[in-house]
Participant: 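Mind having a look at this structure? Questions to follow.
Source: prediction; values computed, not measured. Read the numbers this way: they start at 1 and go in the same order the structure lists the ligands and their atoms. These values consider heavy atoms only, across backbone and side chains, with no hydrogens, waters or symmetry-generated copies.
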Amino acid sequence: MSDNTIETLRARLASGETTAREVVTASLDAAGRLNGTLNAFLEIDREGAAARAAEVRGGALAGVPVAVKDNICVKGLQTSCGSRILGDYEPPYTATAAERLIAAGAVVTGKTNCDEFAMGSSNENSAFGAVRNPWDTERVPGGSSGGSAVAVAARVVPVALGSDTGGSVRQPAALCGVVGLKPTYGRVSRYGLVAFGSSLDQIGTFTLSARDAATVLQVISGRDPADATTADVEVPDYAAHLTGDVKGARLGVPRALFGEGLDAEVRAVVERAIEVFRDLGAEVVDVELPHARYAIAVYYIIATAEASSNLARYDGVRYGFRAEEAPELRSMYRRTREEGFGAEVKRRVMLGTYVLSSGYYDAYYLKAQQVRSLIKADFAKAFESCDAIITPTSPTTAFRLGEKTDDPLAMYLNDIYTVTANLAGIPGVSVPVGLSREGLPVGMQLLARHWDEATMLRLADAYERAAPFTDRPRVCATAG
Ligand code: GLN
């Protein structure tokens, strides 16, 4: 692979063809050059990153430039969460996942644009302007980790971190033609990830290949004493699982999800991907996920409930922005939140507060938690007859900027294939599998059992070997 992967970078560094300093400088240049067009970065750390690159010694990611979503804390850089209420707030510490990347030799080059507090599927909810899709700059990159997806798709960095609460890594990965992985809940520390829906949030990765995803996951995984929800589960040697052999692997296809609402072209491209697996010797079986049709409703109750509680801390006292000229404490709170939060965040805080209110708790929140258990049980049952499940990642390719901004429900329906994994806590990965007639990327999603990222990555990697995705976006830092 001659593309901008960690793999090729490592080879170029090892042969002495280039140095960490050169690589990082080129990445910073590209970030700056393309930002006027793509708006993927909210902060580019020119001097800091160049200086750190000069000090890189060794490690699995020595000299690899990394971009980090602006809701993941990195000391010395801002963490705005795409929100005016945090603005250029600088956290006093670094998130564990970013810390582990840095310890492995990676150099953080900047913070990426995202939907405000990671709420959105198009990146249009950022207080700092929408991110543009490098395949067609009139279209959205997906969200909420749009900036990170674009930074990797446009070959600015080989690796970026994002967060996935209901699909925010996988969906923008699909719309931008890169690999996006959400680990099992508890695999990667959330310490230093600004909380949105704490029972759903996971930090995930953007890369150009499944092999690179395995490399990065290896570095960031594992128990962290600073996050009690990380599990003490062994982290396998992911690279060792990338054998290219999927003979006999059982691939579950939930046929019922391939109907209504799914774009015909997306469907056809994903069907072809299933045939690739069949040709490789995998066994394709039908599975049922009978409660999947409630997933959007359940997700948008649980996620908003948790968000309304998590976002209570932004009161104008503890962090960032405070409204001016408030006569007394309560109006200071009110004005700060009124001026500091955008429309989508306010909508969710109100929805979440409503579903948690004493009069409606049983009807909405409790009911949603019950159905969440059923969704989880659906997967447990399905994984009795298969090793991984395959679906489209997103029902459509990248849509036009502004196309769905007035219709929150249409926007929420983008997440139909991705939210179930967060509700169940299982891992998922989106892999680019082709282009639509308009030249827009299509992603397939693979889902696996809890802690079984290894099988998922083995399948993804085998697919890439058999049917490599070699197209590049129109806006791209490197020539083909
Ligand atoms: N699009 C979903 C939402 O708006 C998922 C967001 C996410 O994964 N952070 O909530």
Participant: Distance to 0.1 Å, residue and atom name: give those for the protein heavy atom nearest to atom 6 (C) of ligand 1.
Facilitator: S168 OG, 2.8 Å

Participant: Out of curiosity, is G120 lining ligand 1, as in a heavy atom under 4.0 Å away?
Facilitator: yes

Participant: With a cutoff of 4.0 Å, is Y412 in contact with ligand 1, counting heavy atoms of the residue only?
Facilitator: no

Participant: Can you tell me which residue and heavy atom of the protein come closest to atom 3 (C) of ligand 1, and the distance to 0.1 Å?
Facilitator: Y300 OH, 3.2 Å

Participant: What is the nearest protein non-hydrogen atom to atom 5 (C) of ligand 1, stated with its residue, atom name and distance?
Facilitator: Y299 OH, 3.3 Å

Participant: Tell me whether G143 has any N or O atom under 3.5 angstrom from an N or O of ligand 1.
Facilitator: no

Participant: Once you restrict to heavy atoms under 4.0 Å, what part of S144 touches ligand 1? Side chain, backbone, both or neither.
Facilitator: side chain

Participant: Donor-acceptor pairs under 3.5 angstrom involving side-chain atoms of residues 84-94: please list them, not counting sequence neighbours.
Facilitator:
unit_1: T94; atom_1: OG1; unit_2: K75; atom_2: N; d: 2.9

Participant: So which bit of R348 gets within less than 4.0 Å of ligand 1, heavy atoms only: side chain, backbone, both or neither?
Facilitator: side chain

Participant: Please work out which of the three classes, parallel, tilted or perpendicular, describes the rings of Y412 and Y300, given edges at 30° and 60°.
Facilitator: parallel

Participant: Does some side-chain heavy atom of V266 sit less than 4.5 Å from a side-chain heavy atom of V269?
Facilitator: no

Participant: To the nearest 0.5 angstrom, please state how far the CD1 atom of I72 sits from the CD1 atom of I203.
Facilitator: 4.0 Å

Participant: How close does the nearest protein non-hydrogen atom get to atom 2 (C) of ligand 1, and which residue and atom is it?
Facilitator: D415 OD2, 3.1 Å

Participant: Please list, in number order, the atoms of ligand 1 under 4.0 Å from a heavy atom of F196.
Facilitator: 9 (N), 10 (O)

